[in-house]
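Read the structure below first, then the notes.
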Amino acid sequence: MSAEQNSSLQPVPTELNKERRTWMIATSVMGGIGGTALVLPLVNTFAPSERAKAAGAPVEMDITGMQPGEMRTIEWRGKPVWIVRRTPDQVANLTKNDGNLADPNSQRSPGDLTPEYARNEARSIKPEYLVVVGICSHLGCSPSAKFEMGAQPSLPSDWQGGFLCPCHGSTFDLAGRVFKNKPAPDNLEVPPHMYLSDTKILIGDDKKA
């Protein structure tokens, strides 16, 4: 065997072995990271989102600065909840609608649609504030606010203010009560709610109401 051939069989220097080991470890680590990166999106796909976890939880509504005649909306369980600050005249005019309403005293499925504490003329804890789910009881459309009094398209000449469902013409007064001979079978739902303070309403929980 020649000296040249013999030299090719010499042991690999220790430093080169270290470099190879380092490279192999790095490759293995990167492979593990890549595998983890592939798994994590799958895990996140099945993990419930923060939005989903909060879907059934009560939500707080700040009504600071609300003016008479103003309406604000908040989402609860994927549904719009309206908070309306009624004017004194709007509250007083509620009695004028009773003869034209299908369920003026909220007796139809009261436990489901109207909590005990809202089974009154104003359908509310405080007459000034209306809290209702903004979904028509007919086919789930969202009515439009029609607070202006008087004759308007699709509304009667003695309109006292309320809500009009544009899909099929159902009308509701400013207590969310449905008018007679309309497609909607029931009043708008009053969700469980209570006042945490004069300016905060908790929607979805009424243990202290």
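Only a predicted model underlies this, so the values are computations on that prediction, with no experimental measurement involved. Atom set for the values below is all heavy atoms of this structure, side chains included, hydrogens, waters and symmetry mates excluded. The residues of the chain are indexed from 1 along the displayed sequence.
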Would you please test E121 and D98 for side-chain contact (heavy atoms from CB on, under 4.5 Å) and show each step?
CA-CA 9 Å; E121 192 78 42; D98 287 1; 2.7 Å; yes
Start with the C-alpha gap between N100 and K180, add the side-chain angles, then the distance that decides, and say whether side-chain contact (heavy atoms from CB on, under 4.5 Å) holds.
CA-CA 6 Å; N100 298 318; K180 292 178 180 178; 5.7 Å; no
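In this structure, the side chain of Q107 engages the main chain of N105 through a donor-acceptor pair within 3.5 Å. In terms of modelled atom types and a separation under 3.5 Å, the side chain of R123 and the main chain of L130 share no donor-acceptor contact. Side chain of E148 to backbone of K146: no donor-acceptor contact under 3.5 angstrom is found. Looking at S142, its side chain does come within 3.5 Å of a backbone N or O of G134 through a donor-acceptor pair. Looking at R108, its side chain does come within 3.5 Å of a backbone N or O of P185 through a donor-acceptor pair. Remark: the backbone N or O of P191 is paired with a side-chain donor or acceptor of H193 at under 3.5 angstrom.
Under the 4.5 Å side-chain heavy-atom criterion for ILVMFWY residues, a single connected hydrophobic cluster contains both V84 and V132. If you chain together hydrophobic residues whose side chains sit under 4.5 Å apart, I135 and L113 never meet in one group.
I125 and M194 make their closest contact through CD1-CA, 4.2 Å (heavy atoms, listed as atom of the first residue, atom of the second, distance). The two residues V190 and P115 make their nearest non-hydrogen contact at O-CD, 3.3 Å. Listed here is the closest heavy atom pair of R85 and Q90: O-OE1, 4.3 Å. When every heavy atom of A122 is checked against every heavy atom of A175, the shortest pair comes out as O-CB, 3.8 Å. Residues P58 and D205 approach most closely at CG-CB, 4.0 Å, considering heavy atoms. Nearest approach of F172 to F179, heavy atoms of both residues: C-CE1, 3.7 Å.
Here the CH2 atom belonging to W159 is positioned 8.0 Å from the CD atom belonging to Q152, to the nearest 0.5 angstrom. A distance of 9.5 Å separates CG in L174 from CD in Q160, rounded to the nearest 0.5 Å. To the nearest 0.5 angstrom, Y195 atom OH is 5.5 Å from I63 atom CD1. Atom CE of M61 and atom CD1 of I74 lie 5.5 Å apart (nearest 0.5 Å). Within the model, atoms CZ of R177 and CG of L94 stand 5.5 Å from one another, a figure rounded to the nearest 0.5 Å. Considering OG of S106 and CD of E116, their distance stands at 11.0 Å, rounded to 0.5 Å.
For the pair L196/E60, a side-chain contact is recorded, criterion being any heavy-atom separation below 4.5 Å from C-beta on. Taking the side chain as every heavy atom from C-beta outward, N93 and M149 approach each other to under 4.5 Å. Side-chain atoms of L188 and S137, non-hydrogen and from C-beta on, never get closer than 4.5 Å to each other. Contact check for T171 versus K182: side-chain heavy atoms found under the 4.5 Å cut-off. Between D103 and N187, the closest side-chain pair of non-hydrogen atoms falls below 4.5 Å.
Evaluated for a side chain to side chain contact (heavy atoms under 4.5 Å, CB included) with S144, the options C165, S154, P166 yield exactly one hit, P166.
Checked for salt-bridge contact, D198 and K126 meet the test: a charged N lies under 4.0 Å from a carboxylate O.
Inspection of the T64 and D62 side chains reveals an N or O donor paired with an N or O acceptor under 3.5 Å.
Dense packing is recorded around NZ of K79, with more than 12 heavy atoms of other residues, nucleotides or ligands lying under 6.0 Å away.
F163 and W82 have parallel rings, their planes meeting at less than 30° on a 0 to 90° scale where 60° marks the start of perpendicular.
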